[in-house]
Amino acid sequence: MDNNIEHNPSMLQNQGADWTVEVRRAADFVMSYWALLGIGTLALSVIAMHGYLVGEAIPLSITSPDVINGLPALFILIAYAVFILTCSAALPAMILLSRSKALSRSLLEEMLQSGSSYSNNEHKVRGRLTICWCLGLTVPAIIVISLLYWPESLNWLWYLGVFVTATLSFSFSLALSVRQMLPLVWKAHAKEKWGGFIAYGTFQTLVMINLGAIVESKVSAGLIGILGFLIISMLLLSIFQMAIVWSIWDVSRKPKPIIRAGGIAGIVILVVCTMPPLNQVFVGYAMSSSATGGRGCTVFIWTEESKVLPELRSEDDRLKSVDLRIPMATRDIFYTRPWQNGVSKEIALVPSASVAKVMECDS
């Protein structure tokens, strides 16, 4: 009987988890290991801050009072950034787990039930779904980017038309994937969840816009190079979305789901804090955004009596700074770097008393 429950999604659905008990169990776990969790949080914050200071070449000691006092807030901001970005990137894939009143099973449960033996076909279902999902992201993305780089299409569609085209393309790709996975019942799901399909296309378009902007800002090659990097990015995004879906599916059907989910989140934050590329992105978001009020490129208006380096003053207006990056700031000092495309390790220290006004760059 236990084996049947383990390998039957519908029985697992009916069984369900007593979330009141699970919340109490998670609270008991936190109360029992609060000291260990606190030490781990502090250690990860120190490692993350040290990696960021070294990576950005900021001349500030890790033992500085400003750094030490900010470590708890840093961990909170890193966890917040990881949570928001993960949810944003994985949100389109949640349609696979959603249910409706007319259809008791989700798309994922329907796919797992489509075979005669769940235990034997699960890996095949995961593989086929991942392939369909990858194609459903990369093909529409290539079409949309091609439209953006084709001047005639912009003259005909405008940017709003390209956005609508992208939304419909992603929605249609989802319908094709569902048809491929569920040839017998896909019409019922498409009819019942057509609004969800459109929402999926919209969310996926927004994710692609942000991902495409990152790729274009990091890649200086032409259209072919951007398309190559975009295809790789879309493949990684699709695998990431599938990993989130299957993780939610697996964790929610095992004992102690909240504790298991917390463990997975802890591993993700551990990787973010210790790996240099991710460390620079997430710690940089926390430090730079708080230092500049969310401005990426920053311009200072100097006070009349300010004494700053000549290269930090604009040639057109000496009371105005050049475009600056602010990777970090303390109570009295802005750590600044002139905005440029190349990598520079030069940091200029600007006293906060020399700054009369903070603005965004004109560009």
Side-chain angles (χ1 to χ4, degrees), residues 83-103 106-108 110-111 128-183 185-219 223 226-246 248:
F83 176 77
I84 292 298
L85 290 178
T86 300
C87 291
S88 299
L91 182 61
M94 292 303 104
I95 190 174
L96 295 174
L97 299 173
S98 64
R99 297 190 182 95
S100 63
K101 295 181 179 179
L103 301 172
S106 66
L107 284 170
L108 190 61
E110 200 78 69
M111 292 173 188
R128 288 180 58 206
L129 179 58
T130 301
I131 293 174
C132 292
W133 199 266
C134 290
L135 292 175
L137 263 67
T138 53
V139 174
I142 292 174
I143 294 174
V144 172
I145 293 298
S146 300
L147 290 175
L148 289 174
Y149 276 83
W150 186 28
E152 287 77 6
S153 70
L154 290 180
N155 294 333
W156 182 52
L157 294 174
W158 296 83
Y159 285 105
L160 178 60
V162 175
F163 183 88
V164 173
T165 302
T167 300
L168 296 178
S169 298
F170 282 119
S171 302
F172 184 67
S173 70
L174 175 61
L176 288 180
S177 298
V178 174
R179 184 181 185 279
Q180 180 67 26
M181 297 294 299
L182 301 172
V185 297
W186 73 275
K187 290 185 179 179
H189 282 274
K191 182 179 179 180
E192 181 66 22
K193 300 178 180 179
W194 65 269
F197 281 35
I198 298 297
Y200 157 84
T202 304
F203 292 142
Q204 203 70 275
T205 301
L206 295 175
V207 172
M208 192 206 71
I209 289 173
N210 288 276
L211 186 60
I214 294 173
V215 170
E216 190 173 16
S217 65
K218 300 297 182 182
V219 179
L223 176 59
I226 291 178
L227 281 177
F229 280 95
L230 184 66
I231 290 174
I232 295 174
S233 301
M234 283 295 168
L235 289 175
L236 294 177
L237 174 63
S238 60
I239 294 173
F240 172 78
Q241 290 180 342
M242 284 295 95
I244 294 296
V245 167
W246 288 114
I248 294 175

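Not measured: the values here are computed from a predicted model. FYI, side chains are in, hydrogens and waters are out, and symmetry mates aren't considered; it's all heavy atoms of this structure.
Counting heavy-atom neighbours within 6.0 Å of Phe203 CZ, excluding the residue itself, gives a total of 12 or less. Environment of CZ in Phe240: crowded, with over 12 heavy atoms of neighbouring residues, nucleotides or ligands closer than 6.0 Å.
Inter-residue side-chain proximity for Leu96 and Met242 is flagged as met; some heavy-atom pair is nearer than 4.5 Å.
The CZ atom of Arg128 sits 10.5 Å away from atom OG of Ser177, with the distance rounded to the nearest 0.5 Å. To the nearest 0.5 angstrom, Leu135 atom CG is 10.5 Å from Leu176 atom CG. Once rounded to the nearest 0.5 Å, the distance linking CZ of Phe163 with OG1 of Thr165 reads 11.0 Å. The distance from the CG atom of Leu237 to the SG atom of Cys134 is 9.5 Å, given to the nearest 0.5 Å. Interatomic distance, CD1 of Ile142 versus CD1 of Ile231, reported as 3.5 Å (0.5 Å rounding). We find the CG-CE distance between Leu137 and Met234 to be 6.0 Å, quoted to the nearest 0.5 Å.
Applying the ring pair (Phe, Tyr, Trp, His ring centres under 6.0 Å) rule to Phe170 yields no partners; only residues at least two apart in sequence or on another chain are considered.
Of the options Thr202, Leu206, Val207, a side chain to side chain contact (heavy atoms under 4.5 Å, CB included) to Gln204 is made by Val207 and by none of the others.
Here the two rings, on Tyr200 and Trp133, have centers that are under 6.0 Å apart.
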When the side chains of residues 86-95 are checked against the rest of the protein, which donor-acceptor pairs come out under 3.5 Å, sequence neighbours left out?
{"from": "Thr86", "atom 1": "OG1", "to": "Val82", "atom 2": "O", "distance (Å)": "2.6"}
{"from": "Ser88", "atom 1": "OG", "to": "Ile84", "atom 2": "O", "distance (Å)": "2.8"}

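Using modelled atom types, one side-chain atom of Ser171 and one backbone atom of Phe197 make a donor-acceptor pair closer than 3.5 Å.
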